[in-house]
Structures are given as C-alpha cells and as structure tokens.
Amino acid sequence: MSGFVFNPPNADTEPPAPPPAADAVMFDGWWPNMNITAVRDAIRIDTTVTPDRLRDAVRQAMLDVAAALADWRIDQEAAGYASLADVPARIMVDGVSDYVMRFNRAVYSVVGADLAERQIGSRLTSAGADRAEELSADIDIHTRNVSWAVRDFLGRTRVIAEAL
C-alpha cells in the first residue's frame with residue numbers, strides 16, 4: 001500500500017443553497033431574525049439536538065442578547081434607526097455590518113453554551129464523565145465568546161483587569 005491518497009477535485013460548481021426560510025426564528029423587526037439551519041451549522045450542533053429544542057435555545061438566546069444590548073438599542077432608536085441593519089456599520093465584512101455579525105456571534109455562543117449545559121445534565125454517569133469534561137470546556141469557550149461579542153458590539157475592551 002502506498003502513502004499516496006487521491007482526493008478527486010471538487011466538482012461543486014455552485015455555492016451551497018441558502019438555508020430554508022421556514023427555519024427562521026422571527027424577532028421583533030429591530031434585531032435580526034435567526035435561521036435554525038445557519039445556527040446549527042455555525043456551532044456544529046449534531047442531530048441529537050431536536051429542531052424544537054434548538055428553536056427554543058435560539059429564542060432564549062435572542063432574548064438574552066437583546067436584553068444585554070437594550071440600552072444601546074434605545075440610543076439607536078432615538079437616533080432614528082428603525083433596525084440594527086440601518087445602524088451604520090463601523091466595519092463591513094463580506095457585505096455584512098460588524099454589528100450584525102457580533103449580534104449573531106453572541107446568539108450562537110449563548111445557544112452553544114446552553115445546549116452544552118443541557119447535555120452535561122443528561123450525561124452525569126461514570127461513562128459520560130469524559131464527555132462532560134469536554135462539554136465544560138465548550139461551555140467556557142462559548143461563555144467567553146458571548147462576553148467578547150457583546151463587548152465588541154458595544155465598542156468596549158475585552159479585558160477587565162482588577163488591581164489587587
């Protein structure tokens with residue numbers, strides 16, 4: 001057997017189809033809607049998480065992030081912006097506002113942490129101890145990412161240092 005591996009060239013000539021619109025979780029019109037398929041892909045959620053459970057986690061995450069940014073939103077509405085998409089971006093990446101990207105990242109990270117916490121609760125057996133440890137690390141990363149996304153959204157530094 002040789003050490004060579006042949007992978008045929010990528011035959012995809014078209015970009016992947018966009019996620020179905022039916023997967024959308026509709027928000028209040030000011031904050032962006034979320035697509036369940038996009039969330040599942042972004043944080044690599046497997047099919048053991050049911051669509052209903054994922055939808056619930058996304059709904060709760062959207063509410064949590066919106067609550068964290070409520071004062072900022074009030075200021076933007078007072079400035080005359082009808083939605084997050086109307087707020088002038090500080091930076092555009094791939095045609096998307098940094099505000100929209102940070103909002104999405106915060107929601108994705110809340111969903112990831114929430115689902116990982118639920119899985120730990122269901123795996124507290126001796127056989128699941130190793131997996132629970134992995135999930136705890138995931139929770140820590142998702143929690144950090146929520147904090148960073150919200151702080152980046154608000155234009156604040158990521159590090160909070162306390163002198164002892």
Side-chain angles (χ1 to χ4, degrees), residues 10 12-120 134-163:
N10 187 354
D12 294 339
T13 57
E14 308 230 357
D23 283 352
V25 176
M26 307 305 283
F27 214 0
D28 63 358
W30 203 91
W31 296 110
N33 300 327
M34 288 285 145
N35 185 285
I36 298 291
T37 302
V39 173
R40 189 180 291 276
D41 290 346
I43 52 180
R44 295 180 301 177
I45 298 170
D46 64 30
T47 56
T48 61
V49 176
T50 66
D52 288 340
R53 196 154 130 216
L54 179 55
R55 179 174 289 277
D56 178 62
V58 170
R59 287 176 180 156
Q60 295 303 316
M62 292 167 77
L63 292 172
D64 290 349
V65 174
L69 300 172
D71 291 340
W72 183 88
R73 175 183 173 169
I74 289 168
D75 293 342
Q76 302 312 306
E77 287 179 318
Y81 300 112
S83 71
L84 180 60
D86 294 334
V87 176
R90 294 170 292 199
I91 300 171
M92 295 290 284
V93 177
D94 232 3
V96 180
S97 160
D98 61 313
Y99 288 117
V100 172
M101 292 176 68
R102 300 292 185 191
F103 179 83
N104 290 344
R105 181 177 174 97
V107 170
Y108 295 168
S109 296
V110 171
V111 170
D114 180 38
L115 293 175
E117 286 172 346
R118 291 186 201 188
Q119 286 182 350
I120 284 179
E134 289 174 24
L135 289 171
S136 290
D138 286 350
I139 292 166
D140 292 343
I141 291 168
H142 285 303
T143 302
R144 180 208 64 201
N145 287 346
V146 171
S147 175
W148 283 4
V150 169
R151 295 186 71 75
D152 291 345
F153 186 101
L154 296 171
R156 297 182 183 156
T157 59
R158 288 183 174 186
V159 178
I160 302 172
E162 183 178 318

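The figures here come from the full heavy-atom set of this structure, side chains too, leaving out hydrogens, waters and symmetry mates.
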(message) Tell me whether Asn35 contacts the main-chain N or O of Thr37 through its side chain, where contact means a donor paired with an acceptor under 3.5 Å.
(response) yes

(message) Once rounded to the nearest 0.5 Å, what's the spacing between atom CG of Asp41 and atom CD1 of Ile36?
(response) 11.5 Å

(request) Check Trp31 against Ala66 and note the closest heavy-atom contact, atom names and distance. (result) NE1-CB, 3.5 Å

(message) I need the Asp46 CG to Leu115 CG distance, nearest 0.5 Å.
(response) 10.0 Å

(request) Quick one: closest heavy-atom pair of Gly95 and Met92, and the distance? (result) O-CE, 3.2 Å

(message) Let me confirm one number: the CG-CG distance from Asp64 to Asp114, rounded to the nearest 0.5 Å.
(response) 8.5 Å

(request) Report the residues that fulfil side-chain contact (heavy atoms from CB on, under 4.5 Å) with Thr50, sequence neighbours left out, ordered by chain and then residue number. (result) Asp52, Arg53

(message) Would you compute the distance between atom CZ of Arg40 and atom CD1 of Ile45 and round it to the nearest 0.5 angstrom?
(response) 6.0 Å

(message) Counting only heavy atoms not in Asp71 (residues, nucleotides, ligands), do more than 12 fall under 6.0 Å from its CG?
(response) no

(request) Identify, with sequence neighbours excluded, every residue that meets side-chain contact (heavy atoms from CB on, under 4.5 Å) alongside Leu154. (result) Leu69, Trp72, Val150, Arg156

(message) If you define the side chain from C-beta out and look only at heavy atoms, does anything of Val39 sit under 4.5 Å from Val25?
(response) no

(message) What I'd like to find out is whether the side chain of Met34 reaches to under 4.5 Å of the side chain of Asn104, using heavy atoms alone.
(response) yes

(message) Would you say that Leu84 contacts Pro32 through its side chain, given a criterion of any heavy-atom pair below 4.5 Å between the two side chains?
(response) yes

(request) Quick one: pull up CG in Asp94 and CE in Met101 and give me the separation to the nearest 0.5 Å. (result) 7.5 Å

(request) Supply the atom-to-atom distance Tyr108 OH to Arg44 CZ, rounded to the nearest 0.5 angstrom. (result) 14.5 Å

(message) Quick one, Val93 and Asp98 - any side-chain contact, counting heavy atoms below 4.5 Å?
(response) no

(request) Taking all heavy atoms of Val87 and all of Gln76, pick out the closest pair and write down the distance. (result) CG1-OE1, 3.7 Å

(request) Mind jotting down which residue pairs meet the side chain to side chain donor-acceptor pair (under 3.5 Å) criterion with at least one end in residues 77-89? Sequence neighbours excluded, please. (result) Arg73-Glu77, Ser83-Asp86

(message) Could you report the tightest heavy-atom contact between Ala61 and Val107, atom names first, then the distance?
(response) CB-O, 3.7 Å

